[in-house]
There are 2 protein chains.
Amino acid sequence: MAPLNDHLQGSHMDSRWNALKPEETSTTPLYLQFSRKLAEAIHAGWWQADEALPSERTFSEELGISRVTARKALDVLLEQGLIRRRHGSGTFITPRLEQPLSRLTSFTEMLKMKGFEPSSVWLSRGIATPTHEEVIKLGLSPNAQVARLKRQRLADGVVMAIEQSSLPLTYLPDPQAVGSSLYAYLDTMGHPIVRALQHIRAVNANPDIAAIAGIKPGEAMLLITRIGYTADNVAIELTDTWCRNDYYDFVAELRR
Amino acid sequence: MAPLNDHLQGSHMDSRWNALKPEETSTTPLYLQFSRKLAEAIHAGWWQADEALPSERTFSEELGISRVTARKALDVLLEQGLIRRRHGSGTFITPRLEQPLSRLTSFTEMLKMKGFEPSSVWLSRGIATPTHEEVIKLGLSPNAQVARLKRQRLADGVVMAIEQSSLPLTYLPDPQAVGSSLYAYLDTMGHPIVRALQHIRAVNANPDIAAIAGIKPGEAMLLITRIGYTADNVAIELTDTWCRNDYYDFVAELRR
DNA sequence: AAGTGGTCTAGACCACATT
DNA sequence: ATGTGGTCTAGACCACTTC
């Protein structure tokens, strides 16, 4: 028991252990319950940056779960970049400044982290005959039609990106029904997108896009083409996002 | 024993099991040994796309390792997108077409996958006084100097990218000593880079870069700024990579 | 009903870091 | 020497898919 931590070992920590304990009634896996609760605790600032968490064995004993399970929960947070492990030394909170890591920080996530308020404005929503690209990438039959959605993405009122999505009409029969979140709508319709492939490349803004985005034609933009798949591995979403490079950049963390 | 697989269960599979068995002498963890060998086997085409692998229990018994260990090895390949699991059904090879997934496919990786032969040509290697950006991002002291390396990245003889790296002179005292791989050199010097943050954004090519890259000024390029960290979490590498957008694009897979 | 992946346990040993 | 993360085991039960 390190003396330095004594102020945390009394009733303070007792109530904290309780907050981390798994619910008897819940059916979700123990390690997921614990990993979520621990993530909340970290975000709530229970520990300082670079401060060591309780050891895996301590978690195990205090929470009444096996060490393997506790460790598996920590694996999840490690994967998210929330914590780091030092062999023989301990498990540590990743400093906030270095946290924009994880896989690929994107879209509204980054904006929210930077403190912006994201919003969006519909430019058009309707039904169209698919382009050649859409037919191929969405695997459409020859006469099928697509729902096409186009909108501006704003942060604090400034246009940051233009987004155009196409979906087979069979999956989105009424484009007008989509609220502010396409993904949320697909969830409620029973066709959630669970996986997506994103191609990221650079393009010069064409006059149309430039006008809508409020930049000069020819300016470099990031063009992200996303293909979204359902759990059945069917491609049902093709989205192009033109991002203003002066407001947008992507951060990715690589490890060896 | 499914009759359909009988042709794989005889001597064929016997020799295969041996190829997957861990080495008695090796000190590397069992699950890593197995995961590597299995990855090789998959790339060697032991199984077809969408074909089921042997079950976790089968691997466990045949290889003399516990199921937990076998499963942990499979976790690694799952993470890489090489396999997929279907609860109650089995573990399956990911079709090649969908494999450019993983985290973020980049640089020479993608080229090699597409069958190109990567190479590089030095444009300059020397010592310089750091820019303001370098001082800040590398945390240099006021009078420190940097080693600066600049090169063309080619694939099958065509320029695909321009890369400029800066490192504190203390970590790279002799820029001329670097061979074809900066990372390999740093490894041998005892300062391996284990983690890197990459910022990806779009820029218009300036005349200098355009000339070297063989494109028109103003063309959109991907600019990747990478900061590489050692195990001690010290930033020792700052690299800008300008990528020709007609040859380069990044692919990332997202999951929910 | 049988086979598969998904979760969980209790205990063990090793390698590394700190003291 | 002690504590920590890293690996490994043998066995168990559940949930899902397939037949």
Side-chain angles (χ1 to χ4, degrees), chain A residues 1-5 9 21-36 38 47 50-79 83-94 231-233 255, chain B residues 1-5 9 21-36 38 47 50-79 83-94 194 231-233:
Chain A
M1 218 59 60
L4 276 172
N5 286 334
Q9 302 295 333
K21 269 188 184 139
E23 329 248 337
E24 304 290 346
T25 61
S26 172
T27 65
T28 59
L30 284 179
Y31 78 93
L32 279 182
Q33 289 187 50
F34 174 39
S35 107
R36 278 176 202 152
L38 185 53
W47 298 276
D50 277 327
E51 187 180 342
L53 261 54
S55 74
E56 296 173 356
R57 285 166 181 86
T58 307
F59 276 131
S60 165
E61 288 163 19
E62 293 290 342
L63 302 179
I65 61 181
S66 80
R67 187 182 155 207
V68 182
T69 302
R71 186 173 167 80
K72 195 168 178 183
L74 291 171
D75 283 340
V76 174
L77 303 189
L78 186 72
E79 179 76 3
I83 59 172
R84 285 186 193 156
R85 289 204 264 235
R86 282 185 236 157
H87 190 168
S89 171
T91 304
F92 299 80
I93 304 278
T94 305
D232 312 326
N233 219 26
R255 293 172 191 273
Chain B
M1 217 58 59
L4 276 172
N5 285 333
Q9 301 295 332
K21 268 187 184 141
E23 329 246 337
E24 304 291 346
T25 61
S26 173
T27 65
T28 59
L30 282 179
Y31 78 92
L32 280 182
Q33 290 186 49
F34 175 40
S35 109
R36 278 176 201 152
L38 186 54
W47 298 276
D50 277 327
E51 187 180 343
L53 262 53
S55 75
E56 296 174 355
R57 287 166 180 84
T58 307
F59 276 131
S60 164
E61 288 164 18
E62 292 290 340
L63 302 179
I65 61 181
S66 80
R67 187 181 155 209
V68 182
T69 303
R71 186 172 168 80
K72 194 167 179 184
L74 291 171
D75 282 340
V76 174
L77 303 190
L78 184 74
E79 179 76 5
I83 59 172
R84 286 185 193 157
R85 289 203 263 234
R86 282 185 237 156
H87 191 168
S89 172
T91 304
F92 300 79
I93 304 279
T94 306
V194 298
D232 312 327
N233 219 27

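Here is the naming used below: chain letters follow the sequence lines, and residue numbers restart at 1 for every chain.
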Strictly under 3.5 Å: I want the nitrogen or oxygen pairs between protein and nucleotides 11-16 of chain C, one per line.
from, atom 1, to, atom 2, distance (Å)
C/dA15, N3, A/H87, NE2, 3.0

At what distance, to the nearest 0.5 angstrom, does [atom1] of [X] lie from [atom2] of [Y]?
X     : Y     : atom1 : atom2 : result
A/L53 : A/I93 : CG    : CD1   : 4.5 Å
B/F34 : B/T28 : CZ    : OG1   : 13.5 Å
A/T91 : A/F59 : OG1   : CZ    : 8.0 Å
A/Q33 : A/T27 : CD    : OG1   : 8.0 Å

Original post:
Between A/G64 and B/T58, which is nearer to the 5' end of DNA chain C once each is assigned its nearest nucleotide?
Top reply: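 Here B/T58 is the residue nearer the 5' end.
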Can you give the donor-acceptor pairs under 3.5 Å from side chains of residues 69-76 of chain A to other protein atoms, not counting sequence neighbours?
from, atom 1, to, atom 2, distance (Å)
A/T69, OG1, A/S66, OG, 3.0
A/R71, NH1, A/E56, OE2, 2.7
A/D75, OD1, A/R85, NH2, 2.2

Subject >> Side chain of B/P29 (C-beta onward), nearest among D/dC8, C/dC8, D/dT9 >> reply: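 Of the options given, the side chain of B/P29 lies nearest D/dC8.
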**OP:** Choose from C/dT7, D/dT7, C/dG5 the nucleotide whose nearest atom is closest to any side-chain atom of B/K72.
**Re:**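 The closest nucleotide is D/dT7.
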Subject >> Any donor-acceptor N/O pair, B/S60 side chain to B/I65 backbone, under 3.5 Å >> reply: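 At least one qualifying donor-acceptor pair exists.
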Send over the distance from [X] [atom1] to [N] [atom2], rounded to a whole Å.
X     : N      : atom1 : atom2 : result
A/R85 : D/dG6  : CZ    : P     : 5 Å
A/F59 : D/dT4  : CZ    : C1'   : 13 Å
A/Y31 : C/dG6  : OH    : P     : 9 Å
B/D75 : D/dG6  : CG    : P     : 15 Å
A/I83 : D/dT4  : CD1   : P     : 15 Å
A/R86 : D/dG3  : CZ    : C1'   : 15 Å
A/L30 : D/dC14 : CG    : C1'   : 13 Å
A/E61 : D/dG3  : CD    : C1'   : 12 Å

Answer yes or no: does a side-chain N or O of [X] lie under 4.0 Å from OP1 or OP2 of [N]?
X     : N     : value
B/T69 : D/dT9 : yes
B/S55 : C/dG3 : no
A/S66 : C/dC8 : no

**OP:** Could I get the full list of side-chain hydrogen bond (donor to acceptor under 3.5 Å, both in side chains) partners for A/T25, not counting sequence neighbours?
**Re:**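 Partners of A/T25 under the side-chain hydrogen bond (donor to acceptor under 3.5 Å, both in side chains) test: none.
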Subject >> Sugar-phosphate, base or nothing in reach of B/R71, heavy atoms under 4.0 Å >> reply: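 If one applies the 4.0 Å heavy-atom cut-off, B/R71 turns out to touch a base.
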